[in-house]
*Asks:* 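Attaching a single structure in structure tokens format; questions to follow.
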There are 2 protein chains.
Amino acid sequence: MACHIVNHMVEYNEEMLTEILKCMSDVTRRSLLTRVCQEGPCRVTDLAGYYDMSLNAVSKHIKLLERCGLVTRKTVGRVHWIEADLARIQIVENWFKELKSIWALRLDNFANLMETKDD
Amino acid sequence: MACHIVNHMVEYNEEMLTEILKCMSDVTRRSLLTRVCQEGPCRVTDLAGYYDMSLNAVSKHIKLLERCGLVTRKTVGRVHWIEADLARIQIVENWFKELKSIWALRLDNFANLMETKDD
DNA sequence: TATACATTCAACCAAAAGGTTGATTAAATA
DNA sequence: TATTTAATCAACCTTTTGGTTGAATGTATA
């Protein structure tokens, strides 16, 4: 299931896919990710200010984003700076690519079969 | 948040993203999707045979895949033929693309700011 | 027609997810 | 030093998710 590391390719496996896709499937976490992409490094408290939920809830969302590598954290004194890291998106894109190629391969085989039939 | 429909672009909104990403975040559903990509139209019972869970559980997974448009169903008599439809993947890819462009835009702005500072 | 087969529906259950509040830790500041 | 500030930890609650089983529906077949 896992693919080979080639050049700058990012490896993927089922557990990583599950973690990343599950993480991205929440609207608040997608919003947080978008925000840190737009604004660069943000403090947890400032991020929480945008949402109609407790600081704790946002803190937990950030922890999940961090756990699957979609954001990174730099702690400076008591302030935690949260920054986006979109590299992991490649893992999902690789899966999409593989899925599409599997799909295309079958259609190719089907086309060949039809051709053979015509002989 | 929703983007414009341009040519063959597939529109997206938060609800669709949530639905599709949540659907893809389950390992059994990803496996089912891969399988129907490989094998073309499959019967529910045959698909269920590959997994260590009840037919009912697989049936429910297929229903979720169908609900968010990742597979389609053709009912012929008592047999339901399940087929992959990867078009919806584009919705997620569009979001990735937008996110990356937001990210790149900010870095550009930052670079411009530095340049201005140098004047 | 009686029976087997393909699939879903409905009710249920345990675990996970997403939220809350209150306490805790540690750093900045009056 | 005492207090405020930044953030997490811990316990708890409700809803959702992913599974189960048994019954129902509809179609094919002996």
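Order of the sequence lines sets the chain letters (A, B, ...), proteins ahead of strands, with each chain counted from 1. Below, each value reflects all heavy atoms present in this structure, side chains not excepted, and no hydrogens, waters or symmetry copies. Worth saying up front: this structure is predicted, and the values here are computed from it rather than measured.
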*Asks:* Take the protein atom CD of E66(B) and the nucleotide atom P of dC9(C), then report the distance between them rounded to whole Å.
*Replies:* 10 Å
*Asks:* Atom CD1 of I62(A) and atom P of dG18(C): how far apart are they, to the nearest Å?
*Replies:* 15 Å
*Asks:* With no hydrogens and no angle check, is any side-chain donor or acceptor of R88(A) less than 3.5 Å from a backbone partner on C68(A)?
*Replies:* yes
*Asks:* What pairs with R43(B) under salt bridge (charged side-chain N to carboxylate O under 4.0 Å, His left out), at least two apart in sequence or on another chain?
*Replies:* D46(B)
*Asks:* Could you name each residue pair satisfying salt bridge (charged side-chain N to carboxylate O under 4.0 Å, His left out) that touches residues 49-72 of chain A, not counting sequence neighbours?
*Replies:* E66(A)-R73(A)
*Asks:* Using whole Å, what does the distance between atom P of nucleotide dA17(C) and atom CG of L21(A) come to?
*Replies:* 14 Å
*Asks:* May I ask you to evaluate whether S54(A) reaches the phosphate of dT20(C), defined as a side-chain N or O under 4.0 Å from OP1 or OP2?
*Replies:* yes
*Asks:* Are there any protein N/O atoms within less than 3.5 Å of an N/O atom in nucleotides 15-18 of chain D, and if so, which ones and at what distance?
*Replies:*
from    : atom 1 : to     : atom 2 : distance (Å)
dG18(D) : OP1    : R29(B) : NH2    : 3.3
dG18(D) : OP2    : R29(B) : NH1    : 3.1
dG18(D) : OP2    : R29(B) : NH2    : 3.3

*Asks:* Could you state the atom-to-atom distance from CG of D52(A) to P of dG18(C) in whole Å?
*Replies:* 17 Å
*Asks:* Please go through W81(B)'s hydrophobic cluster and name the other residues, only I, L, V, M, F, W, Y counting, with side-chain heavy atoms under 4.5 Å joining them.
*Replies:* V76(B), V79(B)
*Asks:* dA17(C) C1' sits how many Å from M24(A) CE, rounded?
*Replies:* 17 Å
*Asks:* Filter on side chain to side chain donor-acceptor pair (under 3.5 Å), then keep only pairs touching residues 18-30 of chain A, sequence neighbours left out; what's left?
*Replies:* T18(A)-R30(B), R29(A)-H61(A), R30(A)-E14(B), R30(A)-T18(B)
*Asks:* L55(A) has an atom CG; how far is it from atom C1' of dT21(C), in whole Å?
*Replies:* 12 Å
*Asks:* Strictly below 4.0 Å: does S59(B) bring a side-chain N or O up to OP1 or OP2 of dT8(C)?
*Replies:* yes
*Asks:* Please enumerate all residues that pass side-chain contact (heavy atoms from CB on, under 4.5 Å) together with A57(B), with sequence neighbours excluded.
*Replies:* M53(B), S54(B)
*Asks:* I'd like to know whether S31(A) forms a side-chain hydrogen bond (donor to acceptor under 3.5 Å, both in side chains) with Y51(A), so could you lay out the CA-CA distance, the side-chain angles of the two residues, the decisive distance to 0.1 Å, and finally the verdict.
*Replies:* CA-CA 10 Å; S31(A) 172; Y51(A) 302 93; 2.6 Å; yes
*Asks:* Do L33(B) and L86(B) have side-chain heavy atoms sitting under 4.5 Å apart?
*Replies:* yes
*Asks:* Please identify each residue that fulfils salt bridge (charged side-chain N to carboxylate O under 4.0 Å, His left out) with D85(B), with sequence neighbours left out.
*Replies:* none
*Asks:* Check R106(B) against V36(A) and note the closest heavy-atom contact, atom names and distance.
*Replies:* NE-O, 4.2 Å
*Asks:* Within the 4.0 Å limit for protein heavy atoms, which parts of nucleotides 23-30 of chain C are touched? Write it as a string from 5' to 3', B for base, S for sugar-phosphate only, - for none.
*Replies:* ----BS--
*Asks:* What is the distance, to the nearest angstrom, from the CZ atom on R67(B) to the C1' atom on dC9(C)?
*Replies:* 13 Å
*Asks:* Separation of H80(B) atom NE2 from dG26(D) atom P, in whole Å?
*Replies:* 11 Å
*Asks:* Near DNA chain D, which residues from residues 41-48 of chain B have a heavy atom under 4.0 Å away?
*Replies:* none
*Asks:* E93(B): what forms a side-chain contact (heavy atoms from CB on, under 4.5 Å) with it, not counting sequence neighbours?
*Replies:* F96(A), K100(A), I89(B), Q90(B)
